[in-house]
Amino acid sequence: MSDRLSWIQDELDALKAQGLFITIRTLSSPQGAWLEVDGRRVLNFCSNNYLGLANHPHLREAARRAIETHGVGPGAVRTIAGTMDLHLELERRLAAFKGVEAAISFQSGFNANLGAIPALVGKEDVIFSDELNHASIIDGCRLSRARIVRYRHNDIDDLRRVVRETEGYRRALLVTDGVFSMDGDIAPLDRLADVAEEHNLMLMVDDAHGEGVLGRGGRGIVDHFGLHGRVDVEVGTMSKAFGVMGGYVAGPRPVVDWLRQRGRPFLFSSAVTPADVAACIAAVDLLEESTELVDRLWENGRYFKAGMKQLGFDTGASETPITPVMLGEAPLAQRFSKRLFEEGVFATAIGFPTVPRGKARIRVMISAAHTTDDLDQALEVFEKVGKELAVV
Ligand SMILES: *Cc1c(COP(=O)(O)O)cnc(C)c1O
């Protein structure tokens, strides 16, 4: 390695010294309530596999069939190689599921934000953005070259203040996460919609952790608040509750038509594979057939959170099955996670820059795939490690 790169090793060493170096475990099993990690069976509380669909037999079968009928690759970007009928079918199904006119699929939720935001606003425009918005929203905002004005997290008064104080722009976009993934709290989308209407702001919500979770049968945050027709742009991912891979933007038809012309990841990056798309369609089928998995997810979330509170853990501001276990300093969170793993529970420590400094935590991701026995077992381990490390 040349000297020009020695700064990288210094940076890596600094991360390790601060307890902020991320180590990545290797799985040799599908996603599910239990995983095989480094040759051991452990209880899984890390994934966004909210409904347990990542290894569901219907989705596996749909993917297999799509490989037989459509092969494994999309060939090129859809605007050049043509689009497979499967992708269009998924887009129609997602639009119907979300109760909007149209949808356009992207390779990921991250790409959906990188595509949508710069297509909606540019240099002469302004974006009002929640200070805790997801990295992909932040990057989409930066790529747009619009002026970015942050408001305090979920703080409507602060939003009104910054909107009043900002002038001299052409168009304005108000953008927020629906469910904030690190704390599990929900954006006050009803009141954001009021502000958007009062001030003529385009309103965009990223529903990555809300779809399959909030609303009737998991239809998402717009349904949760009954705001159909009042939110201009919804971004979603197929990689969380839907259990597969891919992202999308849903909304009025002109928004989707515009993104087919100007959404750069749509124009310049190939679509997800036929197998992915077919599995996504099968996930929508399951969600439309029954609310059983969504109901189970919420029951599990309530059960686990109540148990943790009883043990004396601080589970923060969560209103969803996401259960942060607040620990404060990153090295403590890392030690806690390591001890959990030794006791057979896989739950990752999360520190800066994913969450603010001093707010390190273990984030426990509950799934419909967990049984009550699984949750009881986890609670026992949390109690043991919590006492050992003097957290409770
Ligand atoms: C996870 C997440 C994304 C990224 O979704 P991928 O499909 O994994 O790229 C985007 N936005 C939010 C709010 C997320 O939580």
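For ligands, and for the atoms within them, numbers begin at 1 and follow the listed sequence. Given the structure is predicted, the values throughout are model-derived calculations rather than measurements.
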Next item on the list: Determine the minimum heavy-atom distance between V175 and C141, stating which atoms define it.
Entry: CG1-SG, 4.3 Å

Checklist line | Residue portion contacting ligand 1 (non-hydrogen atoms closer than 4.0 Å) for A208 | finding: side chain

Check: Applying a strict 4.0 Å limit to heavy atoms, is G247 in contact with ligand 1?
Finding: no

Margin query: Taking atom NE2 as the centre, does H58 end up with more than 12 heavy-atom neighbours from other residues, nucleotides or ligands that are less than 6.0 angstrom away?
Written below: no

Next item on the list: Establish, yes or no, whether a centroid distance under 6.0 Å links the rings of H134 and F180.
Entry: no

Margin query: Could you work out, for atom 15 (O) of ligand 1, the closest of K240, M245, Q107 by heavy-atom distance?
Written below: K240

Margin query: Pair H370, F304 - check ring pair (Phe, Tyr, Trp, His ring centres under 6.0 Å), show working.
Written below: CA-CA 10 Å; H370 292 121; F304 184 78; 8.3 Å; no

Note to self: With heavy-atom distances below 4.0 Å as the criterion, list the atoms of ligand 1 near D177.
What the structure shows: 13 (C)

Next item on the list: List every atom of ligand 1 that sits less than 4.0 Å from any heavy atom of S108, numbering the atoms from 1 in the order shown and giving each element.
Entry: 7 (O), 9 (O)

Check: Taking only heavy atoms of H209, which atoms of ligand 1 are found under 4.0 Å from at least one of them?
Finding: 15 (O)

Next item on the list: Mark up the atoms of ligand 1 that fall under 4.0 Å of a heavy atom belonging to T237, in ascending order.
Entry: 5 (O), 6 (P), 7 (O)

Next item on the list: Number the atoms of ligand 1 from 1 as they appear, then name those within less than 4.0 Å of a heavy atom of F110, with their elements.
Entry: 4 (C), 5 (O), 6 (P), 9 (O)

Item checked: R302 (side chain) donor-acceptor with P321 (main chain) under 3.5 angstrom -> no

Notebook entry, point to check: Should side-chain heavy atoms under 4.5 Å link Ile, Leu, Val, Met, Phe, Trp and Tyr, which residues sit in the same cluster as L5?
Noted result: M1, W7, I8, L12, L15, L20, F21, F352

Item checked: Of all pairs that satisfy side chain to side chain donor-acceptor pair (under 3.5 Å), the ones with a partner from residues 311-326, not counting sequence neighbours -> K305-S318

Next item on the list: Enumerate the atoms of ligand 1 whose separation from the nearest heavy atom of D206 is less than 4.0 angstrom.
Entry: 10 (C), 11 (N), 12 (C), 13 (C)

Check: What do you reckon, is CD of E131 surrounded by more than 12 foreign heavy atoms closer than 6.0 Å?
Finding: yes

Notebook entry, point to check: In terms of atom number and element, which parts of ligand 1 are under 4.0 angstrom from non-hydrogen atoms of S136?
Noted result: 10 (C), 11 (N)

Check: What atoms in ligand 1 come closer than 4.0 Å to a heavy atom of S239?
Finding: 6 (P), 7 (O), 8 (O)

